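Data first, discussion second: the structure below is written as structure tokens.
No hydrogens, no waters, no symmetry mates; every other heavy atom, side chains included, goes into these values. Just so you know, these numbers come straight off a predicted model, no measurement behind them. Note on naming: letters A, B, ... go to the chains in the order of the sequence lines (proteins, then strands), and numbering restarts at 1 for each one.
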4 protein chains.
Amino acid sequence: MINVTIYNEFYHEKVNEKVASIYPNGIHKAIGELLSVDPEFNIRYATLDDISETLTDEILDTTDVLFWWGHVRHHLVPDEIVEKVCQRVYDGMGFIPVHSGHFSKPFKKLMGMSCNLKWRETEDKERIWSIEPYHPIAYGVPEYFDIPHEETYGERFDIPTPEDVIFIGNFSGGEVFRSGITYHRGLGKIFYFQPGHETYPIYHMPVVGTILRNAAHWCYTPKTATPYTLGFWEKR
Amino acid sequence: MINVTIYNEFYHEKVNEKVASIYPNGIHKAIGELLSVDPEFNIRYATLDDISETLTDEILDTTDVLFWWGHVRHHLVPDEIVEKVCQRVYDGMGFIPVHSGHFSKPFKKLMGMSCNLKWRETEDKERIWSIEPYHPIAYGVPEYFDIPHEETYGERFDIPTPEDVIFIGNFSGGEVFRSGITYHRGLGKIFYFQPGHETYPIYHMPVVGTILRNAAHWCYTPKTATPYTLGFWEKR
Amino acid sequence: MINVTIYNEFYHEKVNEKVASIYPNGIHKAIGELLSVDPEFNIRYATLDDISETLTDEILDTTDVLFWWGHVRHHLVPDEIVEKVCQRVYDGMGFIPVHSGHFSKPFKKLMGMSCNLKWRETEDKERIWSIEPYHPIAYGVPEYFDIPHEETYGERFDIPTPEDVIFIGNFSGGEVFRSGITYHRGLGKIFYFQPGHETYPIYHMPVVGTILRNAAHWCYTPKTATPYTLGFWEKR
Amino acid sequence: MINVTIYNEFYHEKVNEKVASIYPNGIHKAIGELLSVDPEFNIRYATLDDISETLTDEILDTTDVLFWWGHVRHHLVPDEIVEKVCQRVYDGMGFIPVHSGHFSKPFKKLMGMSCNLKWRETEDKERIWSIEPYHPIAYGVPEYFDIPHEETYGERFDIPTPEDVIFIGNFSGGEVFRSGITYHRGLGKIFYFQPGHETYPIYHMPVVGTILRNAAHWCYTPKTATPYTLGFWEKR
């Protein structure tokens, strides 16, 4: 059993009709539906409105993998929760920021950089290439797949060099983007995935489900993995 | 079920009494015993004497992970078998050369380098540190473990920069060595592990068993992982 | 003074009118002209026809950086020269295969892989993004530049994970490609650069000159850099 | 001309007789002396006491490479200066934290991790191996060198995977340590170097001078390197 918590800012869905029509129950529930195909995931949800009850110490301590979708309300996430999320990553929690989650406080802190990128909303088509099929996150993913319309994200994506660049996106407007990348920080594995603008039904695409399920498995570190000792050390 | 094949040169055990007393059935069988704790492994063996029957096309095609121990008879391994082993790695077979397997023909070809290193037989003690506990190959491994006596391997180990350096060894004579390292080539995952000189009972150590079992799991790529297309391509 | 040798297969220019009109003196001379802006380069040329006189031991020993353009006659390069080129890379010679040089014997041997890729000749436009502006090879290169027509090269490019991916290309047909990548093997630094199909005047573009000059500087290792000792080693 | 600024906490030298006897003018001046062999460096100094005058905006803006030695007074460095230092790194300033500078605020922020390590003061000998002689920071450095006594630093060093591990230390007490490592963040190049405990005359060793001069050259990014554009982007 892998305990997954899916955080969503859950704002656009409540104020924008188009978004509401695509994600009537919120983006978090759509991601949850993609994951629920796999009975090994035990899924909980958190949104900005209820964050003080849904990202508590107890929930974070029992979360194996945390998904994060946020966009215009990153600044409202309390710093002490950000601190705890990062600490849990160091201790082994998997972390999967998606789309505009590149600008979430925990991701920026874990990366130590601006995580800025070029962007534009012009209905570009994105073709995503699987360039590292050896990686478990790419299992079952075809050599490429198309997203008919997606917000354009373009390089320079201002991040540390990823450990693996699994997916690269070609945008019809001419941009490229490292669309699926991995890191680890301490014991925690991290996967950032670019697709998922709120105005397109991207979290209803089966191939995105394959990737997110693969990612949740890959980012999972069992609690029995040996903890390590840091700091002053007399033994020799 | 993961199909593991363990190749051993199987020479020292037949001509050197000390080695024979440590590994009466050969190093391959000792490694096999370490793996057999896990019922998910289906284990076959291959040695230099029977290599034309034990590393056939059929066996290689049904091997998920190949271990390789060799030392003074690397040059006797037929080039066409080396070619097939490398091809299978590209196609997804895991490959785990151990100890002097750094000089095996398939490893050198896959690395594109000399894979040379410093060495000396002076009964050094080796202390191996687990420096990347996040990695599945390090799960359950303590922060360090000692090998009372081991042939000294020292840097510069002439290899491409590893993708992960999981273990680093401290030798009592003053050397250091990247003792557990990963790569991938095509779809195939590779783990090189330094311990295992034939004159010491290293493949009877439980912690080495933990590492080799972890490695066999990590190096396994299911055949259902999407194959990729290379070469001329009309579609657009 | 950096001794540069530019190898070119020099075949298309002699049999294809279009290519001859673009590169009347051969691609090697066009690359040489791009480099000659910098007085620090001492330039020599080698072609397949004269390879036994132009890639001799003496010339290779005094070559600091070797450029390599080849396409349909890779198989005619003698294996003993390939061996010597690789050996010189291990000893510190810089190596810069360009365009279809991805399939040259030395590059494939140094990579230990097929180095295959998708390709197609359909007059695509390529937009190349500089995604790692920190790298000396990217100095002075704008955030992107366009090549009006280029042979399409597409991922999966079957190579080991590069140390740095400096440039990524967006092809108008929908492909992406890691168009500028670095490695090192032994003491030798390697830069592969994708642009340069023989039927387009790409080696007349100033920005390509900037990149190739930067690359020649970056790939240069002075002979006074400390040599290292490999192999059996008594000292302790 | 490369503008180097050397920051030192400058505390131990004023309160500890042993340290004062080794570094009568402060560690910063000792590092400066090592660098001054090379006339290309224009050297300025900064200490904690005068930090508001010596790490001003104007000085940081004209600093190409910043060295950083700190130990017990990291917490007294003002956060707004930390912020500016990080910003300057993103914009291209080289950054070279040494020894206990692994715990400096700018390094921890740039790494996004604890940067913790094992340590012990037991007069261990450290033997440092140059494992990547290809790297310009290793030019002229022998395959190993000994530091007769050094504070022991041991793995797990809690950092992101380095881009290059150039030096690894073997401590006589049994530890290993990644003693010379590189990163980049934005346009800025970073080199962390472990040797330099205040109670040993390590910054008087010629080989350490070679390494620090090499590092200052390698970390230097000319201001003429193309700046890159981040953020919203209409062009297509």
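- For A/Arg127, the part lying near chain B is the side chain, with the backbone staying farther off; criterion is any non-hydrogen pair under 4.5 Å.
- Under the side-chain hydrogen bond (donor to acceptor under 3.5 Å, both in side chains) criterion, B/Gln194 pairs with B/Glu126, B/Glu150, B/Ser179, not counting sequence neighbours.
- Residue B/Lys105 qualifies as enclosed at atom NZ: its count of foreign heavy atoms under 6.0 Å is above 12.
- A heavy-atom distance below 4.5 Å is not found between the side chains of B/Ser130 and A/Thr226.
- When heavy atoms are compared at a cutoff of 4.5 Å, A/Trp218 does not approach chain B at all.
- Proximity to chain B (any heavy atom under 4.5 Å) is restricted, for A/Tyr220, to the backbone atoms N, CA, C and O.
- Crowding of B/Glu123 atom CD: a count of heavy atoms from other residues, nucleotides or ligands under 6.0 Å exceeding 12.
- Interface remark: of the candidates A/Lys235, A/Arg185, A/His135, A/Glu163, A/Lys235 forms the most heavy-atom pairs closer than 4.5 Å to chain B.
- The candidate from A/Tyr144, A/Tyr134, A/Tyr139 with the greatest count of non-hydrogen atom pairs under 4.5 Å with chain B is A/Tyr134.
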